[in-house]
Amino acid sequence: MDSDEKFPLRSRQNEELAEEYLQTFPESDRQRMREYLAAARKLADLVNDSSSEPFYIHSCRIFGTKKTRQSLFKAVISPTFEARTFGELIDEVRIAADKLNRLDIFKYVDVLLDACEDGFAPPEALDMVIAVEEKPRYWIRTGTEIGNDAGSANISLNIRNVFGGAESLEAFMSANTQTSHVFEFCLAKPINGNPDYKIDTSAFSLTKNNQIYSSHDEILRGAALRWRGRSRLGLHELSYGITWRQVSNIAQNATLSIRESAGHSLKSSITNTFTRDVRDDVMLPSKGYYLKLAQEFAGIGGDVDFFKHELESQVNFHLGKGFILSASLRNGLLYPLDGQRSKISDRFFLGGAQSIRGFRLNGIGPREDKKDSLGGDLYVAGGASLFTPLPRLGNYPVKGHFFVNGGNLLQLNQRARLRTNINQLTKTPSISAGVGVVYRSSIVRLEVNFCLPLITTATDKVKKGLQLGLGINFW
Amino acid sequence: MPAESTKVFLAAKLHDHPLNVAFRAFLAKFPLKAHRPIHRTPHHEVPTLYVWGNKKGDRGNQPISFDFACLRWQVWLLIIDARFDVKNCNEPLMSPSGKLPFLLTPNNDAVIGEHIEEFLKQNPEHQLDLDIPALTTDEEITNSKAFVALADTKLRNALMYYYWCEAQNFEEVTSQLYGAKYPKPLNWIILYQMKSAVVKELLTRKPVLDREEIYQEAEEALKAISTLLADHDYFFGRSSPSFIDAVVFSYVHPILSNPTTSVNTLTTITRRYKNLVEFSDRMKNRYFAKTYQ
């Protein structure tokens, strides 16, 4: 976050943007807006001119709180008491108000600076009056989703401001047409009243149905403690989690390796994730880039020891006239420690309409009897997409789509060196290309592509011809 | 022409349309190149019996299963001279029934219980010799059935009680056997889950789990079996074992091989029947001597 974003009044850049935006309005509205802008500019100039005048906050009064604790306000507004000039004061108050707003516990936050009521105070003393209205504490959200080949219904129960310190509590349940279900419970608390830094603890239980591509179900139960922070660079997340994984319900015709991977395992791991997302849209971005780096170390107790690294990146270029070029690169490495073999629950899977088009879901990588996908320890995947405007549909979120994508997924050969493994990875990629149409609705991105697999590994499950993709994250 | 056949006719015509044919020929060209897979599919040459095998601290592959249900099939397959491998997987979730043992055929079919023998019979290449253990007289067959049923209720109840309901054994013996594979504290969760399943099963057969009564019944059963065996090498005075030998061995051997704890009532009782102890050693030497050397 740079300083112009933080203190918009100092920047003139916004006005240009506003002017550009106004071109779309009728003349009367434009006139009114211009007057408003002129007034705002005048005010801003006034503030700017008097920014070095000495002022300070003498006292603060808060109205409208019912549940919120005083300590939360204290933590948020304490920096405003440090301000000694009018400019500083305005900035700090603005930051404090912004934080209070983003805590998501108030319907509105009004901050008023007034002359001091205390007769003995010096003339540069100011009173700060904060008026808020708390949002309702309980809320419920229900929803339905349609995923790759299953429908699901979910319900989430939330309590806002649980202990009066802007803590949030969420219980989430989801049931699926394909026996899978999710239950999650999460308690999050902002650190020092700062919405950018949160600590949360969660417990979950979920059943994943992996029958279609690897003939088993997976039951996960666990708990995690997470710290999340937003810095200038992006989003940081550090977490410790312990998960009991149960690979069970092996299909009657499962292959040998899948059957032998049945059982319980306990993972106790530390994960560090860094995300920087400066794209203009998550589903169909037209500019900006995305970078995610994740490292996981398992082996503090439990029976799985590994080091896992994953990188995901995407970059988008606006070529003008509605043409967009998007490129992505992902890779991952799962390195088992202590001479262990990796477990299917930890491995990577690759392929599918959202991952590598032209292949079925998890259709790339080690496979047995042309049926069960085993997952791999080492992967690389990349793709390039060109989105084009469609004739007469310029105003709709529909685009033409040309793509080439590919990747490879392998199990680590621990007898060979890592470099040899990586060489092997680049030698035998699976690649496909195709054309299609992309539609971005308000909640989901839909793709229909005609795919042609160009190079494959004999055991890959390819999807020749039309492939439908429905989801949010596409590579 | 009925509507249905018109549809079929049209579909066939469309299917044979030159454009469609050309399109399919075009699609068939893809993928342009296919790499050979790097991953080699593992494969069992012979059927493999998945059993409870190694206990905590065991190295290598222990030849005799400690679990009576597994040992019964292991010995029976040896008696009928089937070609098979044994794998100590210690993981009941691998089995379609959630219980060990199961037999995994070379076609990756998991078969359990009576289906194991059925499968072996249907596939003669597994060199099954069912004539050796076949009983001849009606009296032998009836007796065998009755004593197998006796062992399957009384001895089984006692052994299950011994492993899962005696608190000390549960902690010192059973946890080393059935919980060996899992890390703490997962092993205790899984062990208690197994225990509650066992108790539930015992309660379907006995309304009250009375320690004295269960051991008393086991002793009576052992006495009857011991009398039946008398001083013969194998049951019914035969020169080679039959099904009843497999069943009795599968209960007596785990009992005798358990470590001595302060609650080893069952082991003490069984040791009193000298001919059963000798029988157990005889069976072990006959079928597992090779693997012990």
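Since this is a predicted model, take the numbers as computed values, not measurements. All values below were derived from every heavy atom in this structure, side-chain atoms included, with hydrogens, water molecules and symmetry-related copies excluded. Lettering follows sequence order; numbering is per chain, from 1.
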From the options A/D369, A/I258, A/N253, select the one residue that forms a side chain to side chain contact (heavy atoms under 4.5 Å, CB included) with B/N108. A/D369

Identify, with sequence neighbours excluded, every residue that meets ring pair (Phe, Tyr, Trp, His ring centres under 6.0 Å) alongside A/H264. A/W244, B/Y182

So CG of A/L256 and CE of B/M94: to nearest 0.5 Å the spacing works out to 9.5 Å

What part of B/H35 gets closer than 4.5 Å to chain A, counting heavy atoms only: side chain, backbone, both or neither? both

On a heavy-atom basis, the closest approach of B/L93 and A/G263 is CD1-CA, 3.8 Å

Is the OH atom of A/Y240 crowded by more than 12 outside heavy atoms at less than 6.0 Å? yes

Applying a strict 4.5 Å limit to non-hydrogen atoms, the region of A/Q411 in contact with chain B is side chain

Answer with side chain, backbone, both or neither: which region of A/A251 has an atom nearer than 4.5 Å to a non-hydrogen atom of chain B? neither

Tell me the closest heavy-atom pair linking B/P42 and A/E368, and the distance in Å. CD-OE2, 3.0 Å

Side-chain donor/acceptor of A/Q252 to backbone N/O of B/A110, under 3.5 Å: yes

Output the option from A/L266, A/D460, A/T428, A/I250 having the highest count of non-hydrogen pairs under 4.5 Å with chain B. A/T428

So, the part of B/K184 with a heavy atom under 4.5 Å from chain A: the answer is backbone

Under 6.0 Å from the NZ atom of B/K55, do we count more than 12 heavy atoms belonging to anything else shown? no

If I measure from the heavy atoms of chain A, does B/L104 come under 4.5 Å with its side chain, its backbone, both, or neither? side chain

List the steps and the verdict of side chain to side chain contact (heavy atoms under 4.5 Å, CB included) for B/I38 and A/L410. CA-CA 8 Å; B/I38 294 165; A/L410 290 178; 3.5 Å; yes

Report the option among B/N90, B/L27, B/T48 that has the most heavy-atom pairs separated by less than 4.5 Å from atoms of chain A. B/L27

Mind listing the closest non-hydrogen atom pair of B/P96 and A/R259 along with its distance? CD-NH1, 4.0 Å

With a 4.5 angstrom heavy-atom cut-off, which part of A/E260 approaches chain B: side chain, backbone, both or neither? both

Hey, is CD on B/E114 packed in by over 12 heavy atoms from elsewhere, all under 6.0 Å? no

Once you round to the nearest 0.5 Å, how far does CG of B/L186 lie from CZ of A/R221? 9.5 Å

Where does A/S265 contact chain B at under 4.5 Å (heavy atoms): side chain, backbone, both or neither? backbone

Tell me whether the count of non-hydrogen atoms from other residues, nucleotides or ligands lying under 6.0 Å of OH in A/Y335 goes above 12. no

Does a side-chain heavy-atom distance below 4.5 Å link A/L374 with B/H39? yes

Can you confirm whether more than 12 heavy atoms, excluding those of A/K461, are under 6.0 Å from its NZ atom? yes

Would you indicate whether the side-chain heavy atoms of B/P183 and A/K267 approach each other to under 4.5 Å? no

Spacing of B/K33 atom NZ and A/T457 atom OG1 [to the nearest 0.5 Å]: 9.5 Å

Name the option with the most non-hydrogen atom pairs under 4.5 Å to chain A; the candidates are B/H44, B/K181, B/R36. B/H44

A/R419 atom CZ, neighbour heavy-atom count above 12 within 6.0 Å: no

